[in-house]
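By convention in this document, chain letters (A, B, ...) are assigned in the order of the sequence lines, proteins followed by strands, and residues within each chain are numbered from 1.
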Amino acid sequence: MTGNNKNRYNGTPNNEDTMAERITPRKENYSQWYVDIVIQAKLADYSPVKGCMVIRPRGYALWEKMQQTLDRMFKETGHQNAYFPLLIPESFIKREAEHIEGFSPELAIVTHAGGEKLEEPLVLRPTSETIIWSMYKKWIQSYRDLPLLINQWANVLRWEKRTRMFLRTTEFLWQEGHTAHSSEEEAREETLRMLEVYRDFAENYMAMPVLTGIKSESEKFAGAVNTYSLEAMMQDRKALQAGTSHFLGQNFAKAFDVTYQTAEGSIDHVWATSWGVSTRLIGALIMTHSDDKGLIIPPKLAPIEGVIIPIFKSSNKEEVLGYAREVLSAMKQEIRVEIDEDEQNSPGWKFSEWEMVGVPLRVEIGPRDMEARKVVLVRRDTGEKIPVAGEEVTRTAKALLDDIQQSLFERARKFREENYHRLDTYKDLRKLFESEGGFVEAHWCGDPDCEGKIKDDTKATIRVLLDRKPVDGAVCIACSKPASQVAVFSKAY
RNA sequence: CGGGCUGUAGCGCAGGGGCUAGCGCACUGCGUUCGGGACGCAGGGGUCGGUGGUUCGAAUCCACUCAGCCCGACCA
C-alpha cells in the first residue's frame, strides 16, 4: 500500500509542521498527493475489485452537487432524462465499424447467466449509443418526432489497463446525452450548445477554466464525425479532458437504420449528437484547486459551505456553545453550514480536519468572540482570518463565499495563462516538454504523421484544434509545410 | 500487458526459520485540557494479503496468485 513513497503520514505529528502531515506535498510526489487527497478527504476508497472504487459519502455528495446543477442545465436546454439498460447485445456494438474498433479492447462481456451459456453474449455498456439508437429506430418516424433530446445518468464499464481514482476507473458514473435531429445544421448546433453548457459549468461552478475545441482524427470518439472537448490544465501542467460533445453525423442512424419522413415527404436518415461528463470531474476539481493541506472545493459545489468551530473550556462551554448555536441558526437560513461540537478533539485538530475535507469557510467562535459578539471567518483558499461582528456574519460569509469562488477561478486561470505558450520552432516545443511542460499552441499541417512524431518525441498530444485558422504563411511546427490548423499540444491524463 | 517497489492491528511501520508477534498514532472508558493536530491512567483490537509447497517447526524460505503505488505500452 505504501509503494516506494516514504512520505506518508506516520501518525506522529511533529511541531515543525503540524498541518496536514497526512498529505504528501505536491512538489515531492504529485501522484501520491492526489491519492492522499482522495483517501484523506474521504472522497473514495479502493474496492475489492481491481480498478474499481467506492465513492464515499463526501465524494458522492460532491457528485450530487454536480449532478443537480448539470441536470438543471440540461432541462433548461430542453432535454429529458430516461434510462437504458446496462446490458447490450454484443451484436449491437458491432453495428458501427469505428465504434466497435474503438471499444472492443475495453469491453466486459457477460457470457453466462442463469446457470446457462447465453445464446448471444451481453456487453456491459461502455457507452450507450448502440442500445439507444436501436430504440430510436422504433420511436422516430416523422420530422414531427424530432428533435429527440434525451439524457441518462448511468454507470459505464471500460476495462482499463491502468486505473486512477476518479480519473480512470473500470466503472464510473456519468451522464450521456443522445439527441436526434432532422438536419445536420441543427445537430451541429446541439453539439456546440452542449459544449457551451459544459464550459459554463466548468468555469462558473467548478471554477475551472477550460479550453474548448475540436479533436484531431486520432483522438476523436469512435463513431463520431467530430468530437469537441473541454481541456483543463491541472497543477502539474498536464491536460485533463473534462468533457466531450460529439457530432455523430448519420453514422449511428445508418448503422441502426433510423429514418424519418421529412415535411416534404422524402425519407432521410436522422442526424445525431452525444455528449457526456463523468465522475472524472471530481478528479479535475481536486487537481485544479487543492493544496498540500487537503481538498479545496469551490463554494458553489461544496456540500458544506461553512463549518463553525466553537472554542471552549469546560468552564465556559455552555455560554460559548450557546452563542455558536445562535450564529449557526442565523447562518443556516442562507448558507449550508454545520457546527463541530465534538469535545474530544482540540480546535486546532478540527481546523486541520475541516481544511482537509475542503470546506470553503471556517467560522471560529471562542470566548473572546462571544464577549465581543463577534466571530472569526477563515478562508480555505488563502487562510486569511477575518474578524466580523456577529450580526454581520451571514452577509460577510456570503460575500466571502462569492469571493472565494471568483478567486479560485482567477487563480486557476492565471496559472493556465502562465503555462500557455505559443511556439513556432520544433526545438522550443521539445525543450518545453522536456522541462516544465504546459499547453503549447502551435501551427499544424493536419498530417497525422506530424502529430505522431510529436507524440513520440515529447509524449504530448493534440488536446484540441482551436476554432481559428492559421495566419497567412504559418507553417507546421513539425514539418514546416503550410499549416492548416492551430493546435494546442500537451501531455495529458 | 511489460519493468520496478510494497502488502504484518483502522493508519504508519519494526521483526526476516524457534516458546505468548511488537512500537507509534488512531479506537474504547474515566479524569484533566481546549484561539493551529493537548495529557494522564486503564483497556480492546492480529487467520502476518491469499493458495500451495519446503521443514520437526513458516509472518520469516520457495512457487503461484491477488491487490496497491511508481515508470512504460494502451486508452471516449
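On a pure distance criterion of 3.5 Å, no polar donor-acceptor pair joins the side chain of A:Asn345 and the base of B:G37. Looking at A:Arg162, its side chain has no donor and acceptor atom pair within 3.5 Å of the base of B:C1. No N or O donor and acceptor, one from the side chain of A:Glu353 and one from the base of B:G36, sit under 3.5 Å apart. Between the base of B:G36 and the side chain of A:Lys293 there is no donor-acceptor pair shorter than 3.5 Å.
Mapping A:Ala492 and A:Thr163 onto RNA chain B by nearest heavy atom places A:Thr163 at the nucleotide closer to the 5' end.
Here the side chain of A:Arg168 is nearest to one of B:C75, B:G36, B:G37, namely B:C75.
The distance between atom NZ of A:Lys161 and atom P of B:A73, rounded to the nearest whole Å, is 14 Å. The CD-P distance, from A:Glu106 to B:C74, rounds to 13 Å in whole Å. Protein atom CG of A:Asp45 is 13 Å distant from nucleotide atom C1' of B:A67, rounded to whole Å. The distance from atom CZ of A:Arg164 to atom P of B:A67 is 18 Å, rounded to the nearest whole Å. Atoms OH (A:Tyr323) and C1' (B:G35) sit 15 Å apart, rounded to a whole Å. Distance OH (A:Tyr46) to C1' (B:U6): 13 Å, rounded to an integer number of Å. Atom C1' of nucleotide B:G35 and atom CG of A:Asp340 are separated by 15 Å, given to the nearest angstrom. Look at OH on A:Tyr34: it is 11 Å from P on B:C70, rounded to the nearest Å.
A:Arg362 comes within 4.0 angstrom of a nucleotide base, judged by non-hydrogen atoms across all strands. Backbone-only contact: A:Ser31 has heavy atoms under 4.0 Å from sugar-phosphate atoms and none from a base. At a threshold of 4.0 angstrom between heavy atoms, the contacts of A:Gly51 are confined to the sugar-phosphate backbone, with no base atom among them. Contacts of A:Trp354 with the nucleic acid, taken as non-hydrogen atoms under 4.0 Å apart, are absent. Within the nucleic acid shown, A:Glu343 comes within 4.0 Å of at least one base atom, counting heavy atoms only. No contact: A:Lys215 has no heavy atom under 4.0 Å from any strand. Across all strands shown, A:Phe172 has heavy atoms under 4.0 Å from base atoms, whether or not it also approaches the sugar-phosphate. Residue A:Pro126 is classed as having no contact, given no heavy-atom separation below 4.0 Å to the nucleic acid.
Comparing the P positions of B:G10 and B:A26 gives a spacing of 16 Å, expressed to the nearest Å. Spacing of C1' atoms, B:C30 relative to B:G12, comes out at 28 Å, to the nearest Å. Rounded to a whole angstrom, the distance from the C1' atom of B:U33 to that of B:A38 is 6 Å. Between B:G53 and B:G57, the two C1' atoms lie 15 Å apart (nearest whole Å). Spacing between B:G52 and B:C69 at atom P, rounded to whole Å, works out to 28 Å. Remark: the separation of the C1' atoms in B:G17 and B:C25 is 31 Å, to the nearest Å. Comparing the C1' positions of B:G36 and B:C74 gives an interatomic distance of 46 Å, to the nearest angstrom. Only the C1' atoms considered, B:A14 is 7 Å distant from B:G22, to the nearest whole Å.
Atom CD of A:Glu28 is separated from atom CD1 of A:Ile23 by 12.5 Å, given to the nearest 0.5 angstrom. In this structure, A:Ser128 OG and A:Tyr83 OH are separated by 8.0 Å, a value rounded to the nearest 0.5 Å.
A:Ser314 has a side-chain polar atom (N or O) that falls below the 4.0 Å cut-off from OP1 or OP2 of B:U33. A sub-4.0 Å separation between OP1 or OP2 of B:G36 and a side-chain N or O of A:Lys350 is absent. Side-chain N/O atoms of A:Lys459 include one lying less than 4.0 angstrom from OP1 or OP2 on B:G72. For the pair A:Ser346 and B:A38, the criterion of a side-chain N or O lying under 4.0 Å from OP1 or OP2 is met.
Side-chain contact check for A:Thr127 and A:Arg125: no donor-acceptor pair (N or O, by modelled atom type) lies under 3.5 Å. Remark: the A:Ser407 side chain and the A:Arg379 side chain contain an N/O donor-acceptor pair separated by less than 3.5 Å. Between the side chains of A:Tyr323 and A:Asn316, no donor-acceptor pair is found at a separation under 3.5 Å. For A:Thr227 and A:His246, the side-chain atoms include at least one donor-acceptor pair closer than 3.5 Å.
Counting non-hydrogen atoms of other residues, nucleotides and ligands closer than 6.0 Å to CG of A:Asp467 gives a total of 12 or fewer.
The pair A:Glu341-A:Lys317 does not count as a salt bridge, with every side-chain nitrogen at least 4.0 angstrom from each carboxylate oxygen.
Note that A:Arg95 lies in the cation-pi zone of A:Phe256, set by a 6.0 Å cut-off to the ring centre and a 45° limit from the axis.
Residues satisfying the side chain to side chain donor-acceptor pair (under 3.5 Å) test with A:Ser490, not counting sequence neighbours, are none.
In RNA chain B, stems built from 3 or more consecutive Watson-Crick or G-U wobble pairs, each with both distances under 3.5 Å, span B:1-7 with B:66-72, B:10-13 with B:22-25, B:27-32 with B:38-43, B:49-53 with B:61-65.
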